Colleague: 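Before I ask anything, let me first share the structure, which is written out below as structure tokens.
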Amino acid sequence: MQKKLKLWDAIMLVMGSMIGSGIFIVTADMMRNLGSGFWLIIVWVITGIMTVAAAISYGELSAIFPKAGGQYTYLKEIFGKRMGFLYGWGLFTVIQTGTIAAVAMAFGKFTAYLVPALNDAAPIFQSGEFKITWIQMLAIAIILLLTYINTRGVESGKLLQNIFTGSKIIALLGLIAAGFILVDFSHLAENFSLGYDSFNNLTKDKFGNFLKEGWEPIGGMTLLGGIAAAMVGSVFSSVAWESVTFVSGEIENPKKNVVKSMIYGTTAVMMLYIAVNYVYLNALDRDSIAFAENDRVAVAASHFIFGSAGTVIIAVLVMVSTFGCNNGLILAGARVFQTMAKDGMFFRQAEINNKNAVPENALWMQGIWASILCLSGQYGNLLDMISFVIVLFYMITVFGVIYLRFKKPQLERPYKTWLYPVTPVIYLVIGTVFCILLLIYKQQYTWPGFLLVLVGLPVYYFINRKNKVQE
């Protein structure tokens, strides 16, 4: 593979893949689970510590295995082909493709703000609850367009990534500045006046809408359950930074630049996220955050900051953000499926590079499946279910750093995890508590996604048996 991505390009890929639509939406549900500005910020800080600790730990593995495939390669090399395949299976069936579909749909929904005809148009097809809308068709068009651009070579994808990531970082910084300068009445003191107290136990009316008068104090294990449920949103907004490891084979000096890009990129994004949440707390009171229409808390805050133009401003920002995010996800994901094909663990056609030295077949396979998920309308449910599994795979990979230190101490390690073993242990402890609390309090986020990945086991044995017969 040609080394066409420099350190700056890798950082833009990390940041661009992380910043999608989540930061503009998830805070509403987080506030409903916590009922407190203090705990809202604490959860974002915990998520930030988790994310950066994982990135620092992954750095050691990226230096040991500086080749395409990233996390798939790490898991395969450390724990065997079966573990690598299960991760790759989850990645193709929903983690990468489901995220691409969800981000494309967010692009379509916010485009509908600027083009109301998209919202008002009758469905193209409808049968019972299943329907195909023009917003879904726009989402698919964006996926196919970005897939095509990336088949033209890594230079095309890189240029697009840098432009759109740079634009949304500047726009977010502008939103943060305006959120403190242009707000006449600050709600910050009010939102932090509750101190350590937290509130939850919200009820719904017969139409499924939350009742604002339902706040009740919570504490103890109920609070821990609320924190875990809130972290589903913050964790979802903070994943995909490992996408840069998928393209290690195309990065200059990957032994150094991959780890630098992950640490610099994740740290910068988490600081932006915390600052944006301070803007929400400054511009809006608790109820306005928790009960923002369709959870679009960024729209509510932007309307308060910029007036009637706020909706247009935030719609454009989300469109730029989601477009750039999807480009990064599409660029990176296909490299994993190409690497799996080389190992005999995916369709053979995915292994081939086109004349532009990119895995065109893998790109189209990924794009077509993501488009089908857009049509299914089930990608949102799938992503909720898979968040638990994403953290599990992160934990297994981070544990791999410790495992390799004992199993193969003689391996050359161009980069060693900073503050080892404290850093990986911090991630493993927080991740374990998060997963256990979800298993206890929010099982709808756990078992379905876990079972979806386990379905990959019979597929793995079928492929393995087939490969042995061919040999």
Side-chain angles (χ1 to χ4, degrees), residues 1-20 67-70 91-92 96-97 99-101 103-104 106-108 111 138-171 240-254 257-258 261-262 265 316 318-339 341-342 349-371 374:
M1 288 185 171
Q2 299 176 21
K3 308 284 188 183
K4 292 188 175 180
L5 300 175
K6 302 183 188 302
L7 174 60
W8 178 253
D9 304 319
I11 293 172
M12 289 294 99
L13 180 58
V14 170
M15 297 184 72
S17 298
M18 289 179 72
I19 306 171
K67 49 190 175 183
L91 200 73
F92 183 77
Q96 197 80 358
T97 50
T99 304
I100 289 169
V103 172
F107 177 92
T111 303
L138 175 60
I140 290 170
I142 289 300
I143 292 170
L144 298 181
L145 171 64
L146 288 171
T147 299
Y148 171 74
I149 290 170
N150 277 281
T151 64
R152 309 306 296 165
V154 73
E155 291 280 1
S156 302
K158 177 182 83 171
L159 178 63
L160 204 64
Q161 189 65 31
N162 290 352
I163 291 171
F164 276 84
T165 301
S167 299
K168 63 184 171 186
I169 291 170
I170 292 168
W241 49 267
E242 76 280 6
S243 290
V244 73
T245 69
F246 302 163
V247 294
S248 295
E250 291 157 275
I251 295 175
E252 285 184 358
N253 194 3
N257 286 341
V258 173
S261 67
M262 287 192 293
V316 172
V318 175
M319 287 170 66
V320 169
S321 180
T322 49
F323 194 83
C325 176
N326 247 356
N327 182 68
L329 294 170
I330 288 167
L331 185 155
R335 273 63 178 180
V336 180
F337 312 130
Q338 181 186 41
T339 305
K342 289 177 180 177
Q349 295 88 339
E351 183 180 345
I352 305 164
N353 270 348
N354 66 7
K355 63 181 181 181
N356 299 312
V358 294
E360 181 170 353
N361 291 338
L363 279 162
W364 284 117
M365 289 174 189
Q366 173 185 256
I368 290 167
W369 181 244
S371 299
C374 279

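This is a predicted model, so every value here is computed, not measured. When a residue number appears, it is its place in the shown sequence, counting from 1.
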Colleague: Could you tell me whether a side-chain N or O of Asn354 sits under 3.5 Å from a main-chain N or O of Val358, the two making a donor and an acceptor?
Modeller: yes
Colleague: Counting N and O atoms only, with roles assigned by atom type, does the side chain of Thr151 sit under 3.5 Å from a partner on the main chain of Tyr148, one being a donor and the other an acceptor?
Modeller: yes
Colleague: Does some side-chain heavy atom of Glu155 sit less than 4.5 Å from a side-chain heavy atom of Asn356?
Modeller: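 Counting from C-beta outward, Asn356 and Glu155 never come under 4.5 Å.
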Colleague: Donor-acceptor check, side chain of Ser321 to backbone of Gly20, threshold 3.5 angstrom: yes or no?
Modeller: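 Pair found, side chain donor or acceptor close to backbone of Gly20.
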Colleague: Do side-chain atoms of Ser261 reach the backbone of Leu7 as a donor and acceptor pair under 3.5 angstrom?
Modeller: no
Colleague: Main chain of Gln338, side chain of Glu351: is a donor-acceptor contact present, judged purely on distance under 3.5 Å?
Modeller: no
Colleague: Are the side chain of Ser243 and the backbone N or O of Ala240 linked by a donor-acceptor pair below 3.5 Å?
Modeller: yes
Colleague: What's the spacing between Gln96 CD and Phe337 CZ if we round to 0.5 Å?
Modeller: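 Separation between the atoms: 6.0 Å.
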Colleague: So Asn326 and Leu329, do their side chains get closer than 4.5 Å, heavy atoms only?
Modeller: yes
Colleague: Evaluate side chain to side chain contact (heavy atoms under 4.5 Å, CB included) for Met15 paired with Ile169, printing each intermediate quantity in order.
Modeller: CA-CA 9 Å; Met15 297 184 72; Ile169 291 170; 3.4 Å; yes
Colleague: Using 30° and 60° as the class limits, which term best fits the ring planes of Phe92 and Trp369: parallel, tilted or perpendicular?
Modeller: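 The rings of Phe92 and Trp369 lie parallel, inter-plane angle below 30°.
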Colleague: Minimum heavy-atom separation for Val336 and Gly69, please, with both atom names.
Modeller: CG2-O, 4.0 Å
Colleague: Might you point out which heavy atoms bring Met319 and Phe107 nearest each other, and give the distance in Å?
Modeller: O-CD1, 3.4 Å
Colleague: Using modelled atom types only, decide if a donor and an acceptor are shared between the side chain of Thr165 and the backbone of Asn162 within a distance under 3.5 Å.
Modeller: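 Not a single qualifying donor-acceptor pair exists.
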Colleague: Between CG of Leu331 and CZ of Phe246, what distance do you get to the nearest 0.5 Å?
Modeller: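 Atom-to-atom, Leu331:CG and Phe246:CZ are 11.5 Å apart.
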Colleague: Would you compute the distance between atom CG of Asn327 and atom CD1 of Ile142 and round it to the nearest 0.5 angstrom?
Modeller: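 So the gap between those two atoms works out to 11.0 Å.
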Colleague: Hey, does the side chain of Asn361 reach the backbone of Trp364 with a donor-acceptor pair shorter than 3.5 angstrom?
Modeller: no
Colleague: Check whether any side-chain heavy atom of Leu144 sits under 4.5 Å from a side-chain heavy atom of Ser371, and report yes or no.
Modeller: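 Counting from C-beta outward, Leu144 and Ser371 do come under 4.5 Å.
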Colleague: Please say which of Lys158, Lys67, Arg335 ends up in a salt bridge (charged side-chain N to carboxylate O under 4.0 Å, His left out) with Glu250.
Modeller: Arg335
Colleague: Answer yes or no: is there a side-chain heavy-atom contact under 4.5 Å between Ile100 and Gln366?
Modeller: yes
Colleague: Looking at every non-hydrogen atom in both residues, tell me the closest pair between Ala370 and Ala101 and how far apart they are.
Modeller: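 Looks like O-CB, 3.6 Å.
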Colleague: Do you know the tightest heavy-atom contact between Ile143 and Cys374?
Modeller: CD1-SG, 3.7 Å
Colleague: Quick one: closest heavy-atom pair of Pro359 and Asn353, and the distance?
Modeller: N-OD1, 3.1 Å
Colleague: Can any side-chain N or O of Asn150 pair as donor or acceptor with the backbone N or O of Leu146 at less than 3.5 Å?
Modeller: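 Present.
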Colleague: What's the separation between atom CG in Asn257 and atom CD1 in Ile251, rounded to the nearest 0.5 Å?
Modeller: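 The CG atom of Asn257 sits 7.5 Å away from the CD1 atom of Ile251.
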Colleague: Atom CE of Met12 and atom OG of Ser17: how far apart are they, to the nearest 0.5 Å?
Modeller: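 Spacing of CE (Met12) from OG (Ser17) equals 11.0 Å.
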Colleague: Hey, is the main chain of Gly16 close enough, under 3.5 Å, to the side chain of Lys168 for a donor-acceptor pair?
Modeller: yes
Colleague: Suppose we screen for salt bridge (Lys or Arg N to Asp or Glu O under 4.0 Å). Which residues come up paired with Glu360, at least two apart in sequence or across chains?
Modeller: none
Colleague: Report the distance from atom CD1 of Ile140 to atom CG of Leu145, rounding to the nearest 0.5 Å.
Modeller: 13.5 Å
Colleague: Taking the basic N atoms (NZ, or NE/NH1/NH2) and the acidic carboxylate oxygens, is any pair closer than 4.0 Å for Lys6 and Glu252?
Modeller: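 Between Glu252 and Lys6 there is a salt bridge, with a charged N closer than 4.0 Å to a carboxylate O.
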